[in-house]
Amino acid sequence: MRNEILNIIDRILGGGCLTEPEGRRILQASGADIGWILAGAQQLRETFCGNQAGLCMIVNAKSGHCSEDCRFCAQSSHYQTGAPVFPLKTRQQLVSEARQADQRGARCFGIVTSGARIQPGAELECVLDALREIRATTGIAPSASLGLLDAATAAALADAGCVTYHHNLETARSYFPQICTTHDYAEDLETVRVAKAAGMKVCCGGLFGLGESVEQRLEFGLTLQDLDIDSVPINFLNPVAGTPLANARPLEPMEALKIVALYRYLMPHRHITVCGGRGSTLGDFQSWVFHAGASGMMVGDYLTTPGRQLSDDLRMVTDAGMKYACC
Ligand code: SF4
């Protein structure tokens, strides 16, 4: 594996690409071979992204009662999970939370709402007002994750100062019907295209440990590679009681790290951010995400579960030889 990785690195540094058989071998590697794979991913991350860890924070701006049936999600109205349910927070609340994130060192702050899409009218106007105020009064680069988008809403968000639109595809197209039946993969892809066309950066990734195959992890990475997006959030399933995936087998830490590494080989120039499920899946291996090629991570609380103490995460970043930076 060592010589194969050295050849792959030379090719990628020279502008070439990882091949599909190589991607398969990365995901199927075991033992000491994983060490060579991670070393190569780290070299690519250092070359293309440096030692800057982009830290982002999110606010759960509207929680629960979602019409969609994503089988992993605590916020779907199809399942009884006991997750918080509340309507859209006020502009003042959203701005106040962005200011707190700014003071805690995050440069990227995401406003995340449950539901298939943001409602036009009062809901959308509230988010637009909050985005304008965050841009005007903080050093934060705001992002939004409001579900499916049409062109007019995307243009309004970009005009209000939304720097990045976040929209996950969740999984490979071939596995998506096993995960969500209330909307089509094509709608998610269209949302990514609409957000890009409006001039926003796009943050688009997914969730692993849903029961997808190794082949589907590769398929998904190739889809993301084709979309030419700016950053790729990688989440690992933290099973939620009450959802159909409550008893899903958690990924092994090395399995999760191989996914991060594969995506660095596939998308060497992109920001790769490890988000939800970091602690529950990686445990003592959390800092290894940077050795596996990640260039950032989400800090603070997740949507419906608490995160680690920020001071612990910041220490981990510096112990891994990284500095904090803008996403
Ligand atoms: S992942 Fe998003 S769209 Fe799917 S159920 Fe949860 S909140 Fe709704």
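What you see is a predicted model; the values in this text were computed from it and never measured. When a ligand or atom number is given, it counts from 1 through the structure's own listing order.
- Using modelled atom types, one finds a donor on one side chain and an acceptor on the other under 3.5 Å when comparing His166 with Ser145.
- Inside a 4.0 Å radius of atom 2 (Fe) of ligand 1 there is not any protein heavy atom.
- Here the protein heavy atom with the shortest distance to atom 6 (Fe) of ligand 1 is Cys73 SG, 2.3 Å.
- Applying the salt bridge (charged side-chain N to carboxylate O under 4.0 Å, His left out) rule to pairs touching residues 63-87 yields nothing, sequence neighbours excluded.
- The shortest contact between atom 8 (Fe) of ligand 1 and any protein heavy atom is with Cys66 SG, 2.3 Å.
- Salt bridge annotation for Arg132-Asp129: present, with a cationic side-chain nitrogen under 4.0 angstrom from a carboxylate oxygen.
- The protein non-hydrogen atom at the shortest distance from atom 4 (Fe) of ligand 1 is Cys70 SG, 2.3 Å.
- Using modelled atom types, one finds a donor on one side chain and an acceptor on the other under 3.5 Å when comparing Glu46 with Gln42.
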